[in-house]
Amino acid sequence: MKAGGLGFIAILALLSSLGPFSIDMYLPAMPQMAGALSASPAAMQMTITAYLIGNAVGPLFLSPLADSWGRKRAQTLFLLGYAGASLACALAPSAEALIAARVVQAVAAGASTAAARAMLSDLFSGDALSRATSVLMTIFTIGPVAAPLIGAGMLELTGWRGIFGLLVAVGLLSLLLFQVLPETLPPEKRRPYAPGAVLTGYGAMMRNPRAIRYFASTFAFAFMFFGMLASAPFIFIEHFGMSPISFAWLFAAISCAAFAGNIVNARFVFRFGYERMLSGATLALALLGLVMGAVALTGAGGLWGVFAVMLWLMGVFHVSLANTMAGLMSVAGDRAGAAGAALIFWRFVGGAAGSLAVGAFGTSAPWPFALVIILGAAGALLALRIGRAGAPAAR
């Protein structure tokens, strides 16, 4: 298969979709799982928390193997680990065993995602990398939209264990398809793996102003995005009185804006450059913060006012994703795998902070969401000023 072609990117998108599939597919089954494992709802929620922590922290130390062994050998290990951990989830006899298996599953999925992004950076750079990432994310977005529907169908057909059985099949299918891809990191560009060197490499990245610029931007956008995800059900269902099924369709419509954001970025990044696209997304976020503040204060637009803001935020967030990655990989050098893992880590930290922020106020009103957007926009604007002198000029 041609390296960098549409089929190549589609397979990498499948590998990147392991995370959303692993979270979103089993959400409809959580009540049944709690009953089957004699576990509390809190224990079931811990299966998500444990996954998010494993997905953020584990790849920091596992993903650099892709910089040392080459992408194919490391990715094969990650996918085998994912399939094995998914099987352990399917066979888990208790909530504690399920939580432990979920951590391993998360580490493997996160490392696989970071290695997939590193493979893109082996072939593309700058604006071309931003465009390739947008193509990947356009395909990737199918996963979060389809996963809950697939999970609900599997729950009816097989029960909750069948959902994890399907994830085993997805992992093995990913491994099979991955074998047709070429190696993208030649031996002369690999670097030895050593824990001390890995930590030193992360330290060097955190001292690089341009890398900090993209980590800070990632944090700010994730703060906003996950704040939106955490607050949306309460705003629409509790505050505005929508039914759960109506909310599901409404949020599916919001999710479609991710496709639009990726298509817009792929269309215009060569014209304006990834730095200007990131700046534009940041200014759009600031404007949306002001709009959402007005909606929250005055009630203007009601439900549809909040919907419109979330629709635009979804698109803006996905424009930022491609361009922060392009920027970071431009300074990562031969540490692309480690850089991808670090980006995932800061996205998780920002997302966790945003989720906690909207939940801290204990209300379903829209104003905490407005506050999170305004704070995220302020952080994103500040991030643009970090490392500004070293950033490439927009074209």
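These values consider heavy atoms only, across backbone and side chains, with no hydrogens, waters or symmetry-generated copies.
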Practice task
Locate the shortest heavy-atom distance separating S121 from M329; write the atom from each residue and the value.
Solution key: CB-CG, 3.8 Å
Handout entry: Single-linkage hydrophobic cluster, 4.5 Å side-chain cutoff, L91 and L37 together
Key = no
Exercise for the section: Return the orientation label for the F164 and W160 ring planes: parallel under 30°, perpendicular over 60°, tilted otherwise. Expected result: perpendicular
Exercise for the section: Decide yes or no for V358 and F226: does some side-chain heavy atom of the first lie under 4.5 Å from some side-chain heavy atom of the second? Expected result: no
Completion exercise
For Y214 and L328, the nearest pair of non-hydrogen atoms, with its separation, is CD1-N, 3.5 Å
Exercise for the section: Indicate the atoms forming the closest heavy-atom contact of D127 with V269, along with that distance. Expected result: O-CG1, 3.6 Å
Handout entry: Trace of the side chain to side chain contact (heavy atoms under 4.5 Å, CB included) decision for L12 with R117
Key = CA-CA 8 Å; L12 294 187; R117 304 295 169 83; over 6 Å; no
Practice task
Report yes if the side chains of E275 and R213 come closer than 4.5 Å at any heavy-atom pair, otherwise no.
Solution key: yes
Problem - Interatomic distance, T138 atom OG1 to I9 atom CD1 [nearest 0.5 angstrom] - result: 10.0 Å
Exercise for the section: For R71 and A66, indicate whether the former's side chain and the latter's backbone hold a donor-acceptor pair under 3.5 Å. Expected result: yes
Practice task
Answer yes if L303 and M292 sit in the same cluster of Ile, Leu, Val, Met, Phe, Trp and Tyr residues linked by side chain heavy atoms under 4.5 Å apart, and no otherwise.
Solution key: yes
Exercise for the section: With the side chain counted from C-beta on, respond yes when F307 and L250 share a heavy-atom pair under 4.5 Å apart, and no when they do not. Expected result: yes
Practice task
I would like to know whether V331 and M205 meet side chain to side chain contact (heavy atoms under 4.5 Å, CB included); could you show each step before the answer?
Solution key: CA-CA 9 Å; V331 298; M205 274 191 274; over 6 Å; no
Handout entry: From CA spacing to verdict: side chain to side chain contact (heavy atoms under 4.5 Å, CB included), S217, L278
Key = CA-CA 9 Å; S217 182; L278 180 58; 3.7 Å; yes
Handout entry: Charged N-O contact under 4.0 Å between R190 and D67
Key = no
Handout entry: Any donor-acceptor pair under 3.5 Å from T158 side chain to L155 backbone
Key = no
Exercise for the section: Step through the shown structure and confirm whether more than 12 heavy atoms of other residues, nucleotides or ligands are within 6.0 Å of CZ on F240. Expected result: yes
Problem - K72 (side chain) donor-acceptor with Q179 (main chain) under 3.5 angstrom - result: yes
Completion exercise
To the nearest 0.5 Å, atom CG of N265 lies from atom CE of M137 at 11.0 Å
Handout entry: hydrophobic_cluster_shared for V316 and L382, side chain cutoff 4.5 Å
Key = no
Handout entry: Short side-chain donor-acceptor distance under 3.5 Å, S330 and R210
Key = yes
Exercise for the section: Evaluate the side-chain proximity of I373 to L290: yes if any heavy-atom separation is below 4.5 Å, no if none is. Expected result: no
Exercise for the section: Name the orientation class of the two ring planes belonging to F61 and Y202 (parallel below 30°, tilted from 30 to 60°, perpendicular beyond 60°). Expected result: perpendicular
Exercise for the section: Could you please spell out the steps behind the side-chain hydrogen bond (donor to acceptor under 3.5 Å, both in side chains) verdict for S174 and Y82? Expected result: CA-CA 10 Å; S174 299; Y82 177 83; over 6 Å; no
Completion exercise
All heavy atoms of M25 vs all of I163, minimum pair found to be CG-CG2, 3.7 Å
Exercise for the section: Give the cluster check for F369 versus L297: same hydrophobic cluster or not, with ILVMFWY residues linked at side-chain heavy-atom distances below 4.5 Å. Expected result: no
Problem - Side chain to side chain, I53 and V103, heavy atoms closer than 4.5 Å - result: no
Handout entry: side chain to side chain contact (heavy atoms under 4.5 Å, CB included) between T184 and F8, worked out
Key = CA-CA 11 Å; T184 59; F8 179 95; 3.9 Å; yes
Exercise for the section: Over all heavy atoms of both residues, which pair between L175 and L79 is shortest? Give the atoms and the distance, please. Expected result: CA-CD1, 3.6 Å
Practice task
Compare all side-chain heavy atoms of C89 with those of R102 and state whether any distance is below 4.5 angstrom.
Solution key: yes
Practice task
Any chance you could measure F124, atom CZ, to R131, atom CZ, to the nearest 0.5 Å?
Solution key: 9.5 Å
Exercise for the section: Check whether the ring centres of W367 and F361 lie less than 6.0 Å apart, and answer yes or no. Expected result: yes
Handout entry: Interatomic spacing from CZ in F223 to CG in L356 - rounded to 0.5 Å
Key = 9.5 Å
Exercise for the section: With the side chain counted from C-beta on, respond yes when S112 and Q75 share a heavy-atom pair under 4.5 Å apart, and no when they do not. Expected result: yes
Practice task
Measure the CG-OG1 distance between L15 and T113 for me, rounded to the nearest 0.5 Å.
Solution key: 7.5 Å
Problem - Pairwise side-chain contact, N55 with I344, heavy-atom cut-off 4.5 Å (strictly under) - result: yes
Handout entry: Value rounded to 0.5 Å, distance of CZ in F215 from CH2 in W346
Key = 8.5 Å
Problem - Heavy-atom donor-acceptor pair, N208 side chain to A204 backbone, under 3.5 Å - result: no
Handout entry: Distance-only side-chain donor-acceptor flag, Y274 / T324, under 3.5 Å
Key = no
Handout entry: Cluster check V291, M224: I/L/V/M/F/W/Y, side chain < 4.5 angstrom
Key = yes
Problem - Taking every non-hydrogen atom, the tightest pair across A101 and A85 - result: O-CB, 3.8 Å
